[in-house]
Protein chains: 2
Amino acid sequence: MARRSAEPVSRRERPAKTALTRAGIVAAAVEILQAEGLERVTMRRLAEKLDTGPASLYVYVRNTDELHAAILDELLGSVDLAPAAASGDAGWRERLLQVLTSYTGVLFAHPSLASAALVARPSGPHYLALVETVLELLREGGVPDAQAAWGLDALLQMATATAAEQGLRSVAADARDEEERLTAAIRNAPQNRYPRIVALGDDLLSGTGPDRLEWMLTAFINGILRTSR
Amino acid sequence: MARRSAEPVSRRERPAKTALTRAGIVAAAVEILQAEGLERVTMRRLAEKLDTGPASLYVYVRNTDELHAAILDELLGSVDLAPAAASGDAGWRERLLQVLTSYTGVLFAHPSLASAALVARPSGPHYLALVETVLELLREGGVPDAQAAWGLDALLQMATATAAEQGLRSVAADARDEEERLTAAIRNAPQNRYPRIVALGDDLLSGTGPDRLEWMLTAFINGILRTSR
DNA sequence: ACCTGAACACCGTTCAAGT
DNA sequence: ACCTGAACACCGTTCAAGT
C-alpha cells in the first residue's frame, strides 16, 4: 500500500499535536504514570507520547527529578483538605489524622512516586496548601510555632515513607523478596545474640498498614506537643 | 609497540583476578561507592572493576537493589553501638540518641545510600545488631513491647530520611535547585492564602542538621512512651 | 555450578543547527 | 525563543554457549 503523503495518516494515528506547554507536559506525564507507573515516566517515553524528541522537553523541564516533583504536586491536588475546616465535628487531632491519611492515600495509589517524594520534595501550590492546612491544625491544637515548624516536616516525612514502603511491598516483586529476607532474618535470629528481636518477633513487622501509620502519627503528635526546642 | 601475548601486560595492568565471591563483590562495590558515589555502583561498572562481564555478577546478586542493600549492611558495621552498653554514664534516652546519631552519621557520609535505604531496607547482621540495640534501650526505658516494636521502625525511618534529605542538599546540584525553589515558594507565599506559612517563615527550613534530628527523635521517643496501641 | 560474550531494550542529557 | 535530529555516554538483565 503506497501512500502519497504521510500527513493524513499521521493525523489519524495520533491526536492532533498541540503546542508544548509545561502544563501539557506534566499532564501527559501523569497519564503515563497512571497507566504504566513512574518507571516508565522517562524523558524519552514522554517525548514519544507528545510526538516530539526528548530534547524538546528540556525547554520546560530542567531534568527528570524536577519532572517527578511536578507530577507529585499535580497529584497532591486530590488530597482532601476539607476535614481541616470542619471544626466542631471532631477534635483537631482527629482532623489532622484525616488530612494526613488522605495524603498517604494519594501516595499509596502511586507507590513509586512516594519513593521519589522522599528524595525530591515538591514546592508547588498543592504542596503549599497541604503544608498550610497541617500548620493551621497544629496551631488550633495549641502547638507552639517553633515545634510546629519542625514537626510538620517530620509528619509529612513519616506519612511519605510509610506509603513508599507499603506501596512497594504490594507492587514490586523485588520488594517482596526483600521483605521475605527480612522476615526470615527476624524469625531465624539466634536468641542469645538478638534476645529483644526474638522477644518481639513478628510484632516488629505486624500491622504495616493504616493502623501502624495512625499510631505513629498519633505518637509523634503527642511528642510534638510535649517537646520544646 | 607490538606484544606477543596480552597476558603479562594484563597481569601488570590490573590486580590479580581473584575468584568471584559475594563478599568480594560487595567489597568492590563499597570501594566504588566511596570513590565515585552510589550512582556509579552499577552492575557494569562493578563488573569492569572485577575484570569480568556484568552477567557474571548475577550468580551472586539477584539484582541492583539487592546489591545496594548488601552495601548498606556492610557500612552499618561501622555504627557505634558501644554507648548502649555503657549504662550508668548516661540515661537511656541520651544513649539511644547517641546510637541513632552514629547511624545517621554513617548515612550522612553516603547520602545517596540513605535514599536507597528508604526504599530497600537491609536485613543483614549489622542491621539486626542495630535493631537489637535500639530495642534493648527502649526496654531499659520502660517502653512497652508493643510500642517499641512499632516505634523502632519509625525511629530508624526518621533518621534515614533526614540523612537522605540533608545529604542530598550538600551534594547534588539538582537538590540545591529544588531547595531554592522551595525556599522561594515559602518566602513568596501570599499572606492571605498561606497565613501560617508566612507566620512561621524561614523557621520551616531552619536547622536542618543534627539539632533538628535530635529534636525530632526526642519528640518521637516522648510520644512512644505515652501512646499505647 | 559457575562464568561469559553478545545481544536486547532501553536510559538522560547536550549541542549544533534550524525555524 | 522554541524546537529538533543526532549523537554521546551510558544503563539492567537475559540467554545460549562454554568450562
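- Summarising the geometry, the separation between CD on A:E48 and P on D:dT4 is reported as 15 Å, rounded to the nearest angstrom.
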Nucleotide-level pairing of DNA chain C, given in dot-bracket where Watson-Crick and G-U pairs need both distances under 3.5 Å and | marks other strands: ||.|||||...|||||.||
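- Using a distance-only test at 3.5 Å, with no hydrogens or angles considered, a donor-acceptor pair links the side chain of A:T104 to the main chain of A:L100.
- The side chain of A:S56 contributes an N or O atom lying less than 4.0 Å from OP1 or OP2 of D:dT4.
- Between A:H126 atom NE2 and A:D73 atom CG the span is 6.5 Å, to the nearest 0.5 Å.
- A tilted orientation is assigned to the rings of B:F220 and A:F220, their planes being inclined by 30° to 60°.
- Under the 3.5 Å distance criterion, the side-chain polar atoms of B:Y60 are matched with a main-chain donor or acceptor of B:L20.
- C:dA16 atom P lies 17 Å from atom OH of A:Y58, rounded to whole Å.
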Review item, nucleotides 9-11 of chain C N/O atoms under 3.5 Å of protein N/O:
unit_1	atom_1	unit_2	atom_2	d
C:dC11	OP1	A:T42	OG1	3.3

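- Classification of B:E132 and A:R193 as a salt-bridged pair fails, no side-chain N sitting under 4.0 Å from a carboxylate O.
- Set against C:dT14, C:dA6, C:dC3, the side chain of B:Y60 has C:dC3 as its closest nucleotide.
- Note: CD (B:E66) to P (D:dG12) measures 15 Å, nearest angstrom.
- With rounding to whole Å, B:L50 atom CG is found 10 Å from C:dT4 atom P.
- Looking at A:H68, its side chain never comes within 3.5 Å of a backbone N or O of A:A116 through a donor-acceptor pair.
- Taking atom CG on B:L20 and atom P on C:dT4, their separation rounds to 6 Å, with Å as the unit.
- Taking atom CG of A:D65 as the reference point, atom P of C:dT13 lies 8 Å away to the nearest angstrom.
- Formation of a donor-acceptor pair under 3.5 Å by the B:D203 side chain with backbone atoms of B:S206 is not found in this model.
- Side chain of B:N188 to backbone of B:A184: a donor-acceptor contact under 3.5 angstrom is found.
- B:V79 pairs in a side chain to side chain contact (heavy atoms under 4.5 Å, CB included) with only one of the listed residues (B:V106, B:T133, B:L107), which is B:V106.
- As a whole-Å value, the separation of A:L57 CG from C:dT13 P is 11 Å.
- Remark: P of C:dC2 and CD1 of B:I25 are 11 Å apart, rounded to the nearest angstrom.
- Between C:dA9 and D:dC8, the two P atoms lie 23 Å apart (nearest whole Å).
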